[in-house]
Amino acid sequence: MAAIPLGKVLTYGQVAKLCGFPNHARYVGTTLKCLPKGTTLPWHRVVNAKGEISFPRGSEGYHRQLSLLEKEGIAIKNDKLSLAIYGSYSPS
DNA sequence: CAGATGACGGCCC
DNA sequence: GGGGCCGCCATCT
């Protein structure tokens, strides 16, 4: 996850798949929620399969992720991300 | 120790 | 196109 290029986003499923676990999207989310406050990981670059923030609208996490994404130059469409920015990322 | 839950995904109706 | 159901694994009651 830390290797995700700036300006790109991955879905939970993609992250899981990249790590060698095709159907463990949920596990990724479980892991992410355990992240400490001051983490340096780009967790905000990870969204669900619909390209949306995985938090309810108006929630704290939602706004945090949204602002971080915009800060990195990622635009949001109707609470959803541009579909072109994820899926094009391949591990090295 | 057993059951429920969760930053999700994919398939079927 | 939308909604519901099941699967999956680590944690939390």
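Both backbone and side-chain heavy atoms feed into the values below; hydrogens, waters and symmetry mates do not. Here the structure is a predicted model, which means the values were calculated and not measured. Below, chains carry the letters A, B, ... as their sequence lines are ordered, and counting in each starts from 1.
Along DNA chain B, read 5' to 3', the first and last nucleotides having any atom under 4.0 Å from a heavy atom of chain A are B/dG6 to B/dG9. When DNA chain C is scanned in the 5' to 3' direction for atoms under 4.0 Å from non-hydrogen atoms of chain A, the outermost contacting nucleotides are C/dG7 to C/dA10.
Near-neighbour residues of DNA chain B inside residues 24-42 of chain A, defined by a heavy atom below 4.0 Å, number-ordered: A/Ala25, A/Arg26, A/Gly29, A/Thr30, A/Leu32, A/Lys33. Contacts with DNA chain B (heavy atom under 4.0 Å) in residues 52-72 of chain A: A/Ser54, A/Phe55, listed by number.
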Exercise answer: donor-acceptor pairs, residues 21-42 of chain A side-chain atoms, under 3.5 Å, sequence neighbours excluded:
unit_1: A/Thr30; atom_1: OG1; unit_2: A/Arg26; atom_2: O; d: 2.9
unit_1: A/Thr31; atom_1: OG1; unit_2: A/Tyr27; atom_2: O; d: 2.8
unit_1: A/Thr39; atom_1: OG1; unit_2: A/Leu41; atom_2: N; d: 3.2

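You'll find the side chain of A/Met1 reaches within 4.5 Å of the side chain of A/Ile4, heavy atoms only. Using a 4.5 Å heavy-atom threshold, the side chains of A/Gln65 and A/Trp43 count as touching.
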Q.
Applying side chain to side chain contact (heavy atoms under 4.5 Å, CB included) to A/Leu6 and A/Arg45, what does each step give before you reach the verdict?
A. CA-CA 9 Å; A/Leu6 190 69; A/Arg45 295 181 194 161; 3.0 Å; yes
Q: Test side chain to side chain contact (heavy atoms under 4.5 Å, CB included) on A/Ile76 and A/Leu66 and set out the steps.
A: CA-CA 8 Å; A/Ile76 312 296; A/Leu66 183 65; 3.2 Å; yes
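For residues 52-64 of chain A, the set of pairs meeting the side chain to side chain donor-acceptor pair (under 3.5 Å) definition, not counting sequence neighbours, comprises A/Tyr12-A/Ser54, A/Arg57-A/Asp79, A/Glu60-A/Arg64, A/Tyr62-A/Asp79.
For the side-chain hydrogen bond (donor to acceptor under 3.5 Å, both in side chains) test, residues two or more places apart in sequence or in another chain that qualify with A/His44 are A/Glu72.
With hydrogens and angles disregarded, a donor-acceptor distance shorter than 3.5 Å links the side chain of A/Thr11 to the backbone of A/Gln14.
Other residues, nucleotides and ligands contribute more than 12 heavy atoms inside 6.0 Å of the NZ atom of A/Lys80.
In terms of heavy atoms, A/Asn48 sits closest to A/Ile53 at ND2-O, 4.2 Å.
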